[in-house]
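Structure first, commentary second.
We count ligands from 1, going down the list as the structure has it; atoms in each ligand are counted the same way.
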Amino acid sequence: MLIEDYDLEVETIPCEPGAEKFAATVHLNVDISSVLPYLNRTLRGAVYNPQAPALSWKKGGRNIAFWPHKIAIGDLEDRTEAEKVAQGLVKLVNRTWERREEIEPDYEMHRRPGPVEVYKLLPQTNCKACGQPTCFVFAGKLVAGHVKLEDCPVLGEPQYAGQRAKLAELLNVDLPAIGSRER
Ligand code: SF4
């Protein structure tokens, strides 16, 4: 096991009045630099900076950053959620490290696409079937990790198969079968 113990620091972050949010830092007593290229290979949408070294990742719209001796987590509801997310991330690091012989490490820095680039590949009908007011809003949320490709039902139509495949490549995500809502 790579991480056997850690200290969790939870703090409030400035937000809108009445909408208090928390950020947390998982302080580690071991250097996890060696696992970052393996996480870069396995985490969808991760951005690895080998110079730092650091790896940033968005999960469920939450920003996460892995550093050699700490993991920073943003957009948390409370301390209970911070503890749960921290525990999950420590498990993820340990599990990835244990599986390192099966994973080819990736030392490349992958670029995260911008909303305009993503918008250009969306159907641009502004039909609202995804629950968003426009395709551009959907593009912004897609980049931020708040929604998934499958949330746009129009992209599942056969005529958009090419655009859907390009978006999956751009966003570095796997596609479920057309018509499936599995995540
Ligand atoms: S469902 Fe797809 S096409 Fe319709 S508004 Fe949302 S992103 Fe645009």
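The atoms of ligand 1 that sit less than 4.0 Å from any heavy atom of F138 are 7 (S).
Considering each of V118, T125, T134, the one bringing a non-hydrogen atom nearest atom 3 (S) of ligand 1 is T125.
When atom types are taken as modelled, the side chain of D151 and the backbone of C130 share no donor-acceptor pair closer than 3.5 angstrom.
Of the heavy atoms in Q124, none comes closer than 4.0 Å to ligand 1. If you look at N126 next to ligand 1, the close heavy atoms, those under 4.0 Å, all belong to the backbone.
A chain of hydrophobic side-chain contacts below 4.5 Å, direct or via other Ile, Leu, Val, Met, Phe, Trp or Tyr residues, connects I73 to F22. In terms of hydrophobic clustering, with Ile, Leu, Val, Met, Phe, Trp and Tyr side chains grouped at heavy-atom distances under 4.5 Å, L28 and V10 are assigned to a common cluster.
Ranking protein heavy atoms by distance to atom 6 (Fe) of ligand 1, first place goes to C130 SG, 2.3 Å. At the shortest separation from atom 2 (Fe) of ligand 1 among protein heavy atoms lies C152 SG, 2.4 Å. Summary of contacts: the protein heavy atom closest to atom 4 (Fe) of ligand 1 is C127 SG, 2.3 Å.
Between R62 and D75 there is no salt bridge, since no side-chain N of the basic residue sits under 4.0 Å from a carboxylate O of the acidic one.
Because the distance cut-off is set at 2.8 Å, C135 qualifies as a neighbour of atom 8 (Fe) of ligand 1 through one of its N, O or S atoms.
For the atom pair CG (N94) and CZ (R99), the distance works out to 13.0 Å, reported to the nearest 0.5 Å.
With C135 as reference, L122 is the one residue of L142, V154, L122 to meet the side-chain contact (heavy atoms from CB on, under 4.5 Å) rule.
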